[in-house]
Visitor: 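Sharing a structure with you now.
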Amino acid sequence: MFKLTTSLFLAATLLAACTSRHQASDAAPDTVPTENARAKQMLQGIWTDAETGQVSFRVVGDTIFFPDSTMTHTAFRIVGDSICLGDRDVRYAIVTQTDNIFTFENQNGDQVRLHRSTAPLDTLAFTTKTVTPAKTLTQVRKTDGVAIAGDKRLHWYIALNPTRYRVNHTTYNDEGVAVENTFYDNLAHLSVYLGTKAIFSRDIRKTLYDGTLPQHFISSAILDDFTFQRADNTGLHFTAKLCIPDEASCYMVDTHISTKGEISLSINE
């Protein structure tokens, strides 16, 4: 069992613990904090909230699994008397750890007290877990069509492509613990032809909508879909759907291609 007993010890351990992986890679080998293997071993198993008895998480090896269907698993380390979560090494001070009690401070400074589960049925919180991820493409999806814009007959082509570009989105569970989720963005290619002449041809990425949508939204969003909507006298209107995965937060952005091949953007109300 280890327990934080003085503020001086806590300050010293936090200063030394949980440096980011980027910082650790730049540090000399003899200054890289050593992980507490015994503390990690003590944390293996299922842990429940001491007040409500609800399952909080399950630890298997180097990974924490959450019963919430909106959360994905995350890697963790214990260095000194802090637990570090995810690639960004989000850190929480451990207050008490024994074989059956685990108490830490969340990002608000509140103490979260957990008990080791001894109830076999608590495993059902994980076997029944279902995760509904954002749209994930496994192959290119192509659509095309012909539309009349004013006196011009335009032919449009869309190819929605999967990418390996990662988008990280941080959520918080009921204990106030940050959980980093990783998704893959999509990329659309749009071409518009007047006869055999391409009046517009470019890749459509979510960064195209910087300045049209809030920056904090763009950083966590993916280009979920890109579709043709309608034609008018000025040109063609396409809708870009940008969403934060696993949330109800989406923007629909009108992407207008004029008959001269000029692009303009506006948020659909």
Side-chain angles (χ1 to χ4, degrees), residues 1-24 27 31-126 129 131 168-182 220 246:
M1 174 179 73
F2 65 88
K3 183 173 183 178
L4 304 188
T5 55
T6 67
S7 58
L8 179 62
F9 180 62
L10 173 61
T13 54
L14 286 180
L15 284 174
C18 294
T19 55
S20 69
R21 292 181 184 180
H22 175 73
Q23 291 173 323
T31 64
V32 177
T34 300
E35 186 171 4
N36 191 330
R38 180 172 179 270
K40 174 175 282 189
Q41 183 59 40
M42 290 170 64
L43 201 60
Q44 303 296 305
I46 296 176
W47 294 86
T48 61
D49 185 274
E51 295 183 1
T52 66
Q54 294 183 338
V55 174
S56 294
F57 56 74
R58 182 179 191 175
V59 177
V60 180
D62 296 327
T63 306
I64 293 177
F65 296 87
F66 299 93
D68 190 330
S69 63
T70 66
M71 304 288 185
T72 60
H73 58 270
T74 185
F76 81 100
R77 300 183 303 141
I78 295 181
V79 181
D81 287 310
S82 292
I83 183 169
C84 311
L85 304 183
D87 291 337
R88 299 179 186 177
D89 271 1
V90 180
R91 69 188 69 176
Y92 301 94
I94 298 172
V95 179
T96 304
Q97 184 179 20
T98 70
D99 287 335
N100 298 303
I101 296 174
F102 183 68
T103 304
F104 65 94
E105 291 185 357
N106 65 17
Q107 87 279 3
N108 296 321
D110 301 323
Q111 289 192 7
V112 178
R113 184 178 175 88
L114 306 176
H115 287 170
R116 179 183 297 280
S117 171
T118 57
L121 290 180
D122 282 344
T123 59
L124 296 178
F126 302 93
K129 177 180 178 181
V131 177
N168 294 320
H169 176 52
T170 302
T171 54
Y172 294 86
N173 64 12
D174 291 340
E175 282 75 35
V177 175
V179 180
E180 187 174 279
N181 300 279
T182 300
S220 296
D246 284 346

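Worth saying up front: this structure is predicted, and the values here are computed from it rather than measured.
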Visitor: What is the minimum heavy-atom distance between Thr98 and Trp47, and which atoms define it?
Guide: O-CH2, 4.2 Å
Visitor: Quick check against the 3.5 Å criterion: does Arg116 have a side-chain atom that pairs as donor or acceptor with the backbone of Phe102?
Guide: no
Visitor: Tell me whether Gln97 contacts the main-chain N or O of Ala39 through its side chain, where contact means a donor paired with an acceptor under 3.5 Å.
Guide: yes
Visitor: List the atom of Tyr92, the atom of Asn106, and the distance in Å for their closest heavy-atom pair.
Guide: CD2-CA, 3.7 Å
Visitor: According to side-chain contact (heavy atoms from CB on, under 4.5 Å), who are the partners of Arg113, at least two apart in sequence or on a separate chain?
Guide: Ala50, Ile101, Thr103, His115
Visitor: Applying side-chain contact (heavy atoms from CB on, under 4.5 Å), run through Ile64 and Ile83 and close with a yes or a no.
Guide: CA-CA 11 Å; Ile64 293 177; Ile83 183 169; 4.2 Å; yes
Visitor: Identify the two heavy atoms, one from Ile46 and one from Val55, that lie closest to each other, and give their separation to 0.1 Å.
Guide: CG2-CG1, 4.0 Å
Visitor: For the CZ atom of Arg77 and the OG1 atom of Thr34, what is their distance to the nearest 0.5 Å?
Guide: 10.5 Å
Visitor: What are the two closest non-hydrogen atoms of Glu35 and Ile78, and how far apart are they?
Guide: CG-O, 3.1 Å
Visitor: Return yes if some donor-acceptor pair links the side-chain N/O of Asn108 with the main-chain N/O of Asp110 below 3.5 Å, else return no.
Guide: no
Visitor: Can you name the nearest heavy-atom pair linking Ala93 to Ser82, along with the distance?
Guide: CA-OG, 4.1 Å
Visitor: For the atom pair CE (Met42) and CG (Asn100), what is the distance rounded to the nearest 0.5 Å?
Guide: 9.0 Å
Visitor: Look up atom CD in Glu51 and atom CG in Leu114, then write down how far apart they are to the nearest 0.5 Å.
Guide: 10.5 Å
Visitor: What pair of heavy atoms forms the shortest contact from Ser56 to Asp49, and how long is it?
Guide: OG-N, 3.6 Å
Visitor: With sequence neighbours excluded, what pairs up with Thr118 under the side-chain contact (heavy atoms from CB on, under 4.5 Å) test?
Guide: none
